[in-house]
Amino acid sequence: MRIRALVLAASGAVALTALAVPAAQAAPAGPAVTFSGLKVNSGKNIVVGPTTTLTVTAAYTVTKPASLDPNTFASMPVLYRGTTLGDDSDGLAGDDVATCTTSSSTVLKCTAKIQFRPKSSDVDIDLTNADAGSWKLGAFAVNAGGGVTYQGGLGTTKLLRRATLTADATPEPVKKGKTLTVSGKLSRANWDTNTYAGYGTQSVKLQFKKKGATAYTTVKTVTTSSTGTLKTTVTASADGYYRYVFAGSSTTAPVNSAADYIDVQ
């Protein structure tokens with residue numbers, strides 16, 4: 001979504017009547033505010049599945065002149081891409097403007113909700129696979145004169161596709177020294193089709209934890225097939241747990257499979 005559309009959506013909070021400025025006129029000045037301390041999702045990566053809307057909280061500080069009435073402008077945090085934050089930036093933001101409380105005559109403490117929708121009734125706000133990856137953080141404020149104040153460079157975040165991973169060691173039980181086959185599958189959310197799909201050619205670690213031990217050790221690294229499947233063999237040595245571990249990628253969240261216990265006889 002273009003940032004300008006977010007500005008228009010935010011305008012109702014201050015009853016704007018002059019957002020459309022004639023080309024021959026200079027753009028009205030935005031509120032004399034600055035933003036700081038922006039945290040989205042408490043600074044953690046934003047991980048979204050294939051169908052369910054995820055809502056996260058953003059918190060930030062607005063600094064303003066003591067003479068500026070906080071009721072005369074509205075603000076909103078945004079995720080954006082591009083060199084600078086402005087009308088033509090691609091952005092992601094919430095449905096509503098921030099709620100702010102007065103900390104002092106010059107400082108407001110603000111929070112806002114941001115929704116990430118992989119599937120909705122409005123295709124214009126749906127996530128697509130191209131949205132996965134790194135985003136910059138910024139915010140804007142809008143006043144009743146139609147002026148907008150943008151501030152980018154307030155940090156970064158990652159919007160990632162949720163992953164799933166399975167592990168199944170066979171046969172069960174197994175005799176010591178015999179061969180175990182450990183199969184599994186790595187899948188990730190596809191926001192274009194709203195399903196989970198196999199994630200191919202990815203490095204995944206096979207790990208083992210001996211019964212009674214407190215930590216896993218890596219046995220080997222396995223590469224998923226083009227459809228995300230995993231299959232490798234190991235020699236059974238002791239009772240314990242096998243699992244697969246995916247460290248994640250630039251677009252996909254890390255994930256560990258559930259552990260599969262093997263009884264070695």
Side-chain angles (χ1 to χ4, degrees), residues 1-44 46 53-117 120 122 124-125 127 131 135-157 159:
M1 180 182 291
R2 290 292 181 183
I3 295 295
R4 193 57 176 171
L6 298 174
V7 171
L8 291 169
S11 65
V14 284
L16 298 186
T17 59
L19 275 177
V21 179
Q25 297 180 9
V33 301
T34 59
F35 304 94
S36 61
L38 176 58
K39 290 288 185 182
V40 175
N41 199 32
S42 299
K44 299 179 292 185
I46 301 160
T53 297
L54 176 69
T55 301
V56 304
T57 298
Y60 59 98
T61 298
V62 174
T63 302
K64 67 176 188 66
S67 59
L68 180 61
D69 184 344
N71 296 313
T72 61
F73 66 91
S75 65
M76 181 180 283
V78 296
L79 283 66
Y80 72 98
R81 283 174 168 166
T83 304
T84 59
L85 176 59
D87 286 359
D88 293 328
S89 302
D90 287 321
L92 297 170
D95 296 339
D96 301 301
V97 297
T99 299
C100 299
T101 59
T102 300
S103 180
S104 73
S105 62
T106 60
V107 175
L108 305 177
K109 297 294 185 180
C110 303
T111 60
K113 301 293 186 182
I114 303 177
Q115 295 79 21
F116 297 90
R117 295 181 173 91
S120 74
D122 183 353
D124 289 335
I125 60 174
L127 294 177
D131 292 324
W135 288 80
K136 298 175 183 177
L137 299 178
F140 66 84
V142 189
N143 63 23
V148 186
T149 300
Y150 293 108
Q151 186 176 335
L154 296 176
T156 60
T157 190
L159 176 59

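- Distance CG/L108 to OG1/T99: 12.0 Å, rounded to 0.5 Å.
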| query | Under the salt bridge (charged side-chain N to carboxylate O under 4.0 Å, His left out) criterion, do K136 and D90 qualify, and how do the steps go? | reply | CA-CA 11 Å; K136 298 175 183 177; D90 287 321; over 6 Å; no

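- The shortest distance between side-chain heavy atoms of F140 and M76 falls below 4.5 Å.
- Residue Y150 holds its OH atom at 11.0 Å from CZ of F35, rounded to the nearest 0.5 Å.
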Q: Kindly determine whether V148 and F73 satisfy side-chain contact (heavy atoms from CB on, under 4.5 Å), including the steps that lead there.
A: CA-CA 9 Å; V148 186; F73 66 91; over 6 Å; no

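- A side-chain contact (heavy atoms from CB on, under 4.5 Å) with W135 is found for exactly one of T156, I46, L92, namely L92.
- Here the closest heavy-atom approach between residue G147 and residue P31 is recorded as O-CD, 3.7 Å.
- Scanning all heavy atoms of the two residues, the minimum distance from V97 to A74 falls at CG1-CB, 4.0 Å.
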query: Does the pair V107 and T61 meet the rule for a side-chain contact (heavy atoms from CB on, under 4.5 Å), with working shown?
result: CA-CA 7 Å; V107 175; T61 298; 3.7 Å; yes

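- Closest approach of Y80 to S89, counting heavy atoms only: CB-CB, 4.5 Å.
- Looking at T34 and T63, their side chains come closer than 4.5 Å, going by heavy atoms from C-beta outward.
- Side-chain contact between T55 and I114 is absent, with no heavy atoms from C-beta onward closer than 4.5 Å.
- Atom CG of residue L127 and atom OG of residue S120 lie 9.0 Å apart, to the nearest 0.5 angstrom.
- Judged by distance alone, with hydrogens and angles left aside, the side-chain atoms of T111 form no donor-acceptor pair with the main-chain N or O of A98 at under 3.5 Å.
- Using a 4.5 Å cut-off on side-chain heavy atoms (C-beta onward), V40 and Y60 make no contact.
- For the atom pair OG (S75) and CD (Q151), the distance works out to 11.5 Å, reported to the nearest 0.5 Å.
- From Q115, atom CD reaches atom CG of D95 across 4.0 Å, with rounding to the nearest 0.5 Å.
- In this structure a side-chain-to-backbone donor-acceptor pair under 3.5 Å is present from R81 to D131.
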side-chain contact (heavy atoms from CB on, under 4.5 Å) evaluation trace for T57 with K113: CA-CA 5 Å; T57 298; K113 301 293 186 182; 2.7 Å; yes

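- Between C110 atom SG and L38 atom CG the span is 10.5 Å, to the nearest 0.5 Å.
- For D69 and K64, the salt-bridge test fails: no basic side-chain N is under 4.0 Å from an acidic carboxylate O.
- Although no hydrogens or angles enter the test, the distance criterion places a donor-acceptor pair under 3.5 Å between the side chain of S104 and the main chain of T106.
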